[in-house]
Amino acid sequence: MSRNEWPLWEVFIRSKGGLDHKHCGSVHAPDARMALTNARDVYTRRMEAVSIWVVRADQIHASDPDAKPEMFDPAEDKIYRHPTFYTLPDEVNHM
Amino acid sequence: MEATTTTASSTAHLDYVLRIGDSALILGQRLAEWCGHGPVIEEDIALTNTALDLIGQARLLLSHAGHLEGKGRDEDALAFLRAEPGYRNLTICELPNEDFGRTCLRNFLFAAFQMQLWPALADSSDAQLAAIAGKSIKETRYHLQHASDWAVRLGDGTDESQARMQRALDTLWPYTAEFFSPQATDAQAEAAGIGPAWSSLAGAWEQAVLPVLEVATLKVPAATAFLSRGKEGRHSEHMGHLLAEMQYLQRAYPGARW
């Protein structure tokens with residue numbers, strides 16, 4: 001069955017100035033303008049946001065879940081990539 | 001003589017606040033009917049958000065009206081326990097929703113009116129009313145944006161949506177004359193510095209509304225002598241049904257809380 005549905009948009013909200021936009025969900029809308037208002041109505045009713053981004057879901061290129069072994073597993077034993085081998089002065093104790 | 005003047009002016013003050021509060025209450029009740037029935041979930045939430053904004057405005061305004069009246073009636077008593085002629089809302093607010101397009105078009109016409117009213121109340125001699133107006137204008141600005149957007153999309157849309165929106169405008173437009181029909185309340189409220197005579201808002205409202213209707217390819221019907229009178233307490237046949245549903249719980253279970 002084919003349904004003539006509005007395209008899907010991914011919604012990202014910034015909870016306060018200076019913080020990152022974080023993915024919070026998705027909405028359907030015919031264009032960006034309405035995607036923004038729909039996102040406002042669905043995701044910011046309880047003061048969750050000071051800014052919203054919407055991105056057409058079909059414009060997002062995602063990594064292949066099946067490629068996880070070659071994409072991400074090799075990083076597992078590369079402990080030297082973490083900056084934990086430096087001796088830090090005591091004053092810098094929150095790194 | 002002094003006492004009579006005071007009474008007339010405080011009656012006008014109460015009447016003026018009730019008009020604004022009741023219009024918000026009744027349209028809020030109408031929009032709440034969309035809960036669970038929106039064309040898509042996003043619009044279902046958008047319309048009920050608007051309903052809750054309006055009911056929030058109504059709570060503040062009716063609490064204030066109860067205080068002005070000085071008979072111990074709170075927002076709930078005013079919202080749920082008055083008889084039909086006691087309500088001072090604009091008739092357009094009580095008309096049935098019909099389809100989504102008509103609902104949005106009514107929201108558009110009404111929000112555009114509120115957008116003229118709120119700034120004009122900013123320096124009201126009634127500080128509480130001015131504060132409520134200051135809070136409400138942000139909500140109304142969004143309602144107007146949302147409703148204008150849909151008026152244009154559906155008006156300048158398919159043949160079917162255009163025809164429905166034109167029918168909606170033909171039905172709703174005559175009720176907008178009531179926004180600006182001069183009443184004794186207006187003259188007294190204006191004289192007391194409470195707020196503008198609503199007739200003075202007509203020009204600015206038309207300037208806000210007409211360009212959007214033009215983009216929406218909708219034709220404004222010719223003016224007629226029809227004048228609805230909800231703000232005088234004389235309502236349409238739809239009001240009784242709306243009140244029966246809205247008041248049922250408080251009438252059946254007096255004082256019920258949850």
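Naming convention: chains lettered A, B, ... in sequence-line order (proteins, then strands); numbering from 1 in each chain.
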Counting only heavy atoms from other residues, nucleotides and ligands, does the tally under 6.0 Å from NE2 of His67(B) exceed 12?
no
Contacts of Ala29(A) that satisfy side chain to side chain contact (heavy atoms under 4.5 Å, CB included) - sequence neighbours left out:
Trp9(A), Met34(A), Ala35(A), Asn38(A)
Are Pro30(A) and Arg153(B) close enough that some pair of their side-chain heavy atoms sits under 4.5 Å apart?
yes
What I want to find out is whether Asp149(B) reaches Arg33(A) closely enough, with some N-O distance under 4.0 Å, to be called a salt bridge.
yes
Within a radius of less than 6.0 Å around CH2 of Trp6(A), do more than 12 heavy atoms belonging to other residues, nucleotides or ligands occur?
yes
Do Ser236(B) and Glu94(B) pair up side chain to side chain, a donor and an acceptor below 3.5 Å, judged on atom types alone?
yes
By side chain to side chain donor-acceptor pair (under 3.5 Å), Thr103(B) pairs with (sequence neighbours left out) Trp34(B)
Does anything in residues 40-59 of chain B get under 4.5 Å of chain A by heavy atoms, and if so which residues?
Val40(B), Glu42(B), Glu43(B), Ile45(B), Ala46(B), Asn49(B), Leu52(B)
Using a strict 4.0 Å threshold on nitrogen-to-oxygen distance, state whether Asp41(A) and Arg45(A) make a salt bridge.
no
Counting a contact as any heavy-atom pair under 4.5 Å apart, which residues of residues 62-78 of chain A contact chain B?
none
Please confirm whether the ring centroid of Phe179(B) lies under 6.0 Å from the ring centroid of Trp198(B).
no
